[in-house]
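To keep things clear, I will list the structure first and then write my remarks on it.
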Amino acid sequence: MEPKKLRWPAIIAVAAAAMMFTAPPSAARTSPASTTLTKTAEAAECAPGTTVNTDKGPVCGTVSNGVASWLGIRYAAPPVGDLRWAPPAPAPAWTSTFPATERGTNCPQADGLGAGSTNEDCLNLNVRAPENAGSKRLPVMVQIHGGGFRFGTPADGSHLVRSGDVISVELHYRLGIFGFMSHKELGQNSGNYAFQDQQAALRWVQKNITKFGGDPGNVTIFGASAGGSSVCANAVSPTAKGLFHKGIAQSGEYNSLLGTTNTSWQPQDCKSELPTADEAHRINERFAAAVGCGDAADTAACLRQVPVKTLLDKSGNGMGPDQGTIAPVVDGKTLTMSMGKALATGRINDVTLMHGVDRDETQLASANSPADYQRMVREQYGRYAPQVFARYPLDRFPDPSAFIAYRTIVADSNSVCPSLLNHRRMSRYINVYAYQSDNADAPPASFLDQTKPNGAFHVLLNQFLSPRAGAQLTPNQQAFGAQITAQWTGFARTGSPTVKGAPLWPRFTRHNPDVMSLAPAGDSELTREIARQHHCDFWDKLTPYNR
């Protein structure tokens, strides 16, 4: 599988849309690798009674508005030197109490989204718990941030802790070329270090979360966009078996359906065909040459000496022929097949999932004129374009008709119908609760052109699960936020999103294919109409592993 040449430049706004949550940039502090950990002069003082003894050493944290927080706790050794492009190694132990009062460092990523970093010492996590959780055994929600596997930082989970009486864990993991480089000189099963980091964090949870008031036997992972794809990946990864019990995959279907032009991401979502190990090795041979290691006597050693900034610059958006793999690959160990194939064939761990997308989400450029619409449909769908035009004629859409028509086509082909198909696939083997977010009046995100009708846009649920300070919501949206917070945390508690303050939400099954349409003002309701309304009989035939 050769990477496609991108005709349209990657859109920073789209990258921002794909981030799991909007969060402030991390502090520059990292946890030193010595046996004595220290804090910077600017760090807050620990609150009395917050000292917890982890398996590596004691930590103390802060308390604010009823939530105790421990930030920047190292869960694995710094992936530097010989550990660059190696499975996460155990973190070093420490003896002095570590003041976990500052956000840990973001993993290396390009700047421009408020999370730029060149510091590889980034395998850290945050824990937040209700104040005085003590010996309770509360459900644990582990947040995996999105950002196309190239960007991102986790958000503050205090809202879920405060509203849902849960423990929040928020982790950093290796991104881009650092998270997915796969080269034969790095090992036959090289790649997917991002998922290995996530699983290392989940092992940390199993060992330590009881001491923070959490239940290691009731762990839910959740995330949107690349975070949703990560939920799918861990659900089918043999090496994640037993590390969590439930998952919430939000907007995990988002790649271009046919993998053609106008796409901002390498194949990476819950439906896409991923590169095989051999294909990834060939792609990364070109990348190694591009960074000056093509003729090195020891390619792996040479690659591990290349500066972080050079690796970020050379890998770019991953869409050029020599930019390497910066997204998941079928490495043969962490992932033994593409997620879509695993879901279709039942190679899935024994977990319960909530799974869905936003009705109008898109990761592609917008059509702003009838000429754009004609050209972009032909570029994106090739020989199927006449059939697409027939199903989505411009005169059926209100002005701006080209924008709305193309937005609808992209959402149906890339997200809505593949999500529904994956509901059906997964429900043959595990318990699935299916949803579609139909909240077209959510507060507009800053990354969107707010002069356009964006509808129920990509990752819109994030702003309700981790609301921004001072955000103003209408009464309709306040009701929506209260409902999904209750459903998400209720699912984490019991394995069912049917909770007080929300409608009955049954499992999705072959005989009862109910999808919860999430709408504001308490108007959520079950539907079985999505396939007919969104032309899924047509799009399903083009979806990987269903052709």
Side-chain angles (χ1 to χ4, degrees), residues 2-3 5-6 10 15 26 28 30 32-33 74 76-89 104-113 115-124 147-153 172-197 200 226 265-266 268 275 277-329 331 334:
E2 300 298 319
K5 181 68 174 179
L6 183 65
S26 296
T30 61
R74 175 176 280 149
V80 298
D82 289 343
L83 294 182
R84 180 190 278 181
W85 299 310
T105 303
N106 293 329
C107 285
Q109 57 191 282
D111 209 353
L113 299 177
S117 173
T118 57
N119 192 337
E120 293 179 86
D121 184 359
C122 63
L123 300 187
N124 61 82
F149 293 112
R150 289 177 55 205
F151 305 100
T153 187
H172 293 93
Y173 59 94
R174 281 174 281 183
L175 301 169
I177 200 69
F178 298 91
F180 297 100
M181 177 74 169
S182 179
H183 192 285
K184 62 184 180 181
E185 298 300 325
L186 297 172
Q188 183 61 35
N189 303 119
S190 57
N192 292 333
Y193 304 110
F195 299 140
Q196 294 172 31
D197 292 346
W265 312 114
Q266 286 183 353
Q268 60 180 249
D278 288 343
E279 289 168 337
H281 293 167
R282 290 195 295 271
I283 292 168
N284 286 297
E285 285 176 4
R286 294 196 298 272
F287 179 77
V291 296
C293 294
D295 297 322
D298 186 335
T299 304
C302 180
L303 286 167
R304 287 176 170 133
Q305 303 256 345
V306 178
V308 171
K309 182 69 162 53
T310 301
L311 293 170
L312 289 173
D313 291 344
K314 291 293 186 181
S315 58
N317 63 15
M319 303 308 294
D322 60 354
Q323 292 186 306
T325 50
I326 62 172
V329 301
D331 66 286
T334 305

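Quick caveat, the model's predicted, so the values are computed rather than measured.
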Subject >> Shortest non-hydrogen separation from L312 to F178 and the atoms involved >> reply: CD2-CE1, 3.8 Å
Original post:
Side chain of S182, backbone of S190: donor and acceptor closer than 3.5 Å?
Top reply: yes
**OP:** Mark yes or no for whether N124, through its side chain, and C122, through its backbone, hold a donor-acceptor pair below 3.5 Å.
**Re:** yes
**OP:** Please name all residues satisfying salt bridge (Lys or Arg N to Asp or Glu O under 4.0 Å) with D331, sequence neighbours left out, ordered by chain then number.
**Re:** none
Original post:
Any idea which heavy atoms bring V329 and N192 closest together, and the distance?
Top reply: O-ND2, 2.6 Å
Original post:
Does Q268 reach the main-chain N or O of Q266 with its side chain, forming a donor-acceptor pair under 3.5 Å?
Top reply: yes
**OP:** Kindly determine whether I177 and N284 satisfy side-chain contact (heavy atoms from CB on, under 4.5 Å), including the steps that lead there.
**Re:** CA-CA 10 Å; I177 200 69; N284 286 297; 4.1 Å; yes
Subject >> Spacing of C107 atom SG and L175 atom CG [to the nearest 0.5 Å] >> reply: 5.5 Å
Subject >> Distance-minimising heavy-atom pair for A89 and L83 >> reply: CB-CD1, 3.9 Å
**OP:** Answer yes or no: are there more than 12 heavy-atom neighbours, outside D82 itself, under 6.0 Å from its atom CG?
**Re:** no
Original post:
Side chains of R304 and L186: does their closest heavy-atom pair fall under 4.5 Å?
Top reply: yes
Subject >> Taking every non-hydrogen atom, the tightest pair across P328 and F195 >> reply: CG-CZ, 3.6 Å
Original post:
Which distance, rounded to the nearest 0.5 Å, do you find between the CZ of R74 and the CG of D121?
Top reply: 4.5 Å
Original post:
After noting the C-alpha distance and the side-chain angles of D298 and E185, does the key distance pass the side-chain contact (heavy atoms from CB on, under 4.5 Å) rule?
Top reply: CA-CA 8 Å; D298 186 335; E185 298 300 325; 5.7 Å; no
**OP:** Would you confirm whether N106, through its side chain, and S117, through its main-chain N or O, come within 3.5 Å as a donor-acceptor pair?
**Re:** no
Original post:
How far does NE2 of H172 sit from CG of D197, to the nearest 0.5 angstrom?
Top reply: 12.0 Å
Original post:
Okay, side chain of E120, backbone of V308: is any donor-acceptor separation there less than 3.5 Å?
Top reply: no
Subject >> Spacing of CD belonging to Q323 relative to CG belonging to L311, to within rounding of 0.5 Å >> reply: 12.5 Å
Original post:
What are the two closest non-hydrogen atoms of D322 and A290, and how far apart are they?
Top reply: OD2-CB, 3.8 Å
Original post:
At what distance, to the nearest 0.5 angstrom, does OG1 of T334 lie from CG of N189?
Top reply: 7.5 Å
Original post:
For the side chain of W85 and the backbone of Y193, is there at least one donor-acceptor N/O pair under 3.5 Å apart?
Top reply: no
Subject >> Nearest heavy atoms of P88 and A200, plus distance in Å >> reply: CG-CB, 3.8 Å
Subject >> Distance, nearest 0.5 Å, that separates CZ of R286 from NE2 of H183 >> reply: 11.0 Å
Original post:
Is there a donor-acceptor pair under 3.5 Å between the side chain of R150 and the backbone N or O of I326?
Top reply: no
